[in-house]
Amino acid sequence: MNASRPNDHTQPNAPTDRDAAAPDHAADPNNGSDPNPSGEKTHRHFIRQAIDADLASGRFDGVRTRFPPEPNGYLHIGHAKSICLNFGLAQELGGTCNLRFDDTNPTKEDTEYVDSIQEDVRWLGFQWDNLHFASDYFDQLYQWAEKLVMEGHAYVCDLTAEQTREYRGTLTEPGRDSPGRSNTPEENLDLLRRMKAGEFPDGAKTLRAKIDMANPNINLRDPVMYRISHVPHHRTGDKWCIYPMYDWAHGQSDSIEKITFSICTLEFEHHRPLYDWYCEKLEIHHPRQIEFARLNITYTVMSKRKLLQLVQEKHVSGWDDPRMPTIVGLRRRGYTPESIRAFCADIGVAKFNSTIDVVRLENAVREHLNEVAPRRMAVLDPVKLTITNWADHGSPVEMMSAINNPGDESAGSREIPFSGSLWIERDDFKEEAPRKFFRLKKGGAVRLRAGYIVDCHDVVKDDDGNITEILCTYDPETKSGEDTSGRKVKGTIHWVSCDHASEVTVRNYDRLFSVENPDNVPEGKTFLDHINPDSLSTTKAYVEPALCEAKVGDRVQFERLGYYVVDPDSKDGEMVFNRIVGLRDTWAKIANKSEGNPKGGGKQGAGKQGGGKQGSGKQKTGKQGGNQPASGKPPQAKKTD
RNA sequence: UACCCCGUGGUGUAAUCGGCAACACUACUGAUUUUGGUUCAGUCAUUCUAGGUUCGAGUCCUAGCGGGGUAGCCA
């Protein structure tokens, strides 16, 4: 097979919002002592420090990293951390970063994922230098395996999977030698070639590295290098019936690509001695593996297995459900690549196994959208407001000028039709209101955003006592921007003219789980029991005319409510908006507090932590209750990835 | 009860050679505001514990405690 793919420069649509800062910090890679010419104080995490040291000592002459996903699922926010790290380091230090698919297990992998992963990396704003597949290296790997066999460093083992497990020993007891360990190199070579030729059924034999069956590090107890699996591979077809294990493929692929820093997550820490062993025995380029803590976020699950389960059991609409922490999910939710990158930069890199508060993610997108999202008005829970003296105005409709972004003059303004018949938010009116309620009440006044001040003099109710109409007069002296009245009102509310409003669908998304750590479940329950039943509420809404021009993917702020994005489900005349994140809601806090209500009532609905944070002591845990006594018995199956 | 890694505010990350525990977020106060948004100002720490070395310890040493990971022919 072709051992490597040439540079893949076929990406037609490199992201438009790509971080333009890429080239300007291209520091001299040989200068590890002062890579910060700007003089600006930057924190260098431990990986960066290790790189600086290796560059300074001459161990490596540059920075070459890689992002190595297995194409067996969609990328999630945890992968984004790794992507930002690997690509970011290469950018900062003038190095390169490859995208390599770790496709060594055809029973689990699929081209569907190969495509989505590439799209996600690009969308995040990164461009790989080379695109590779571990399967491109299968020939080289096999040659190296024969070399190790001939040098007496590997042997063919006849043990079944179950026997292999028994012979391996336990955490507290050493293992025993496999009978195959005493084969001659010639015997092993013959057996290996016959394995490759397909003479043996699945599971009949393995090739194993000959290291040390008594090593306290179980990865060194003669790890399997090849297993037999008569399964076609999505790229190599049926050429192979033996497939390399992760440890045997990964480091060697790194080596072939001349990677200098092989950055991975903490659970591979005890694989590092094996990574090193292979490179040493083969006498090939030897990258340095460095491990960091994977990302955990409150109110979410991150394991591929659980995400897959959510999709397969239809707890969500798919991998791109806006509640999923997948990149496709976040994209559909309306998150920007910039905000995800900012989040990843914000949370740092360390070896401590921490859990990031999800509000930091929410805050990152809020911060970015505050700068770039045009403001619009939308009423999600409408009640009619009639201006009883509007006839005095002369014309039935007046166009009002509204600023698009108060923080950005260059965003300009737009015209909104104002009339005597408006929709306002039901929440924004109370017949009798507490002192701190700044919105409209009977006998009170409020400003209509970009419009006039109105005074409420009456309400109309139906037979059940529900308010159906609010009657106000407007004050002609108080037109927004031309107010000559000198009147001050405490509140400003949003509105939409009834005759000019468009009806749209709004999907208000909230956190998928209602507890901080969904993985922390009592006996007999699963993380699914923590799904937030109110994570999606769909409603009709009235929006101002300017929104009719919005395209799929456009993000706006519905004033006083939150940030919204036009969903791909939108059709002509039937727009669908997803809530990306709500605005900070100080009023909800005040209201909750005065009611002594610890939960609910906020714009985010259930799941928002209100006042009721659980736990008090330090909870630096990823998982709980998973502590396994070293009983000498294998634990029940558990999966993280 | 084997081996490896990790313990700094509510959360996360810093702290040059051992020298005033800093930054960000949250929370809480207050100011500003035609978004209860934004912005601005302020408040919140026995550096896991106990010893030791030192003029001086988050940092070095010893012991303990706590958390995470590891026994796939997964990655």
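Reminder, nothing fancy here: chain letters follow the sequence lines and each chain counts from 1. Here the structure is a predicted model, which is why all the values come from computation and not from measurement.
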Original post:
Taking it one step at a time, do Gln289(A) and Glu291(A) satisfy side chain to side chain donor-acceptor pair (under 3.5 Å)?
Top reply: CA-CA 7 Å; Gln289(A) 176 178 309; Glu291(A) 311 85 12; 3.1 Å; yes
**OP:** Give the rounded distance in Å between these two atoms: CD of Glu559(A) and C1' of U35(B).
**Re:** 5 Å
Original post:
Is the shortest side-chain N to carboxylate O distance from Glu362(A) to Arg511(A) below 4.0 Å?
Top reply: yes
Original post:
Going by heavy atoms in the side chains, are Tyr275(A) and Asp247(A) under 4.5 Å from each other?
Top reply: no
Original post:
Separation of Arg376(A) atom CZ from G37(B) atom P, in whole Å?
Top reply: 21 Å
**OP:** Would you please confirm or rule out a distance under 4.0 Å between OP1 or OP2 of A75(B) and any side-chain N or O of Arg227(A)?
**Re:** yes
Original post:
Taking the side chain of Phe438(A) as its heavy atoms from C-beta onward, which of A24(B), G36(B), A75(B) lies nearest to it?
Top reply: G36(B)
Original post:
Given the side-chain rings of Tyr74(A) and Tyr113(A), with only the six-membered ring counted for Trp, is the space between their centroids under 6.0 Å?
Top reply: yes
Original post:
If we only count heavy atoms from C-beta on, is the His45(A) to Leu89(A) side-chain gap below 4.5 Å?
Top reply: yes
Original post:
Which nucleotide sits closest to the side chain of Tyr246(A): G36(B), A75(B), C5(B)?
Top reply: A75(B)
Subject >> Partner of Asn404(A) under side-chain contact (heavy atoms from CB on, under 4.5 Å), chosen from Gln557(A), Glu409(A), Arg375(A), Arg414(A) >> reply: Arg414(A)
Original post:
If you check every side-chain atom of Leu583(A), which of U35(B), C73(B), C74(B) has the closest atom?
Top reply: U35(B)
**OP:** Rounded off to whole Å, could you give me the CG-to-C1' distance for the Leu266(A) and A75(B) pair?
**Re:** 16 Å
Original post:
For residues 203-210 of chain A, which residues have at least one heavy atom under 4.0 Å from RNA chain B?
Top reply: Gly203(A), Thr206(A)
Is there any protein nitrogen or oxygen under 3.5 Å from a nitrogen or oxygen in nucleotides 38-45 of chain B, and what are the pairs?
| from | atom 1 | to | atom 2 | distance (Å) |
| --- | --- | --- | --- | --- |
| U38(B) | OP1 | Arg584(A) | NH1 | 2.2 |
| U38(B) | O2' | Asn370(A) | ND2 | 3.4 |

**OP:** Examine Tyr246(A) together with His250(A) and report whether their ring centres are nearer than 6.0 Å.
**Re:** yes
Subject >> Among C25(B), A75(B), U34(B), the nucleotide that comes nearest once only the side chain of Asn105(A) is considered >> reply: A75(B)
Original post:
Rounded to the Å, how far apart are Phe292(A) CZ and U13(B) P?
Top reply: 13 Å
Original post:
Do Phe558(A) and Met377(A) have side-chain heavy atoms sitting under 4.5 Å apart?
Top reply: no
**OP:** Name the nucleic acid region contacted by Gln557(A), choosing base, sugar-phosphate or nothing; use a 4.0 angstrom heavy-atom cut-off, strictly under.
**Re:** base
Original post:
Hey, is the side chain of Lys351(A) poking within less than 4.0 Å of OP1 or OP2 on G69(B), counting only N and O atoms?
Top reply: no
**OP:** Kindly determine whether Asp222(A) and Arg181(A) satisfy salt bridge (charged side-chain N to carboxylate O under 4.0 Å, His left out), including the steps that lead there.
**Re:** CA-CA 9 Å; Asp222(A) 290 9; Arg181(A) 219 174 195 266; 2.7 Å; yes
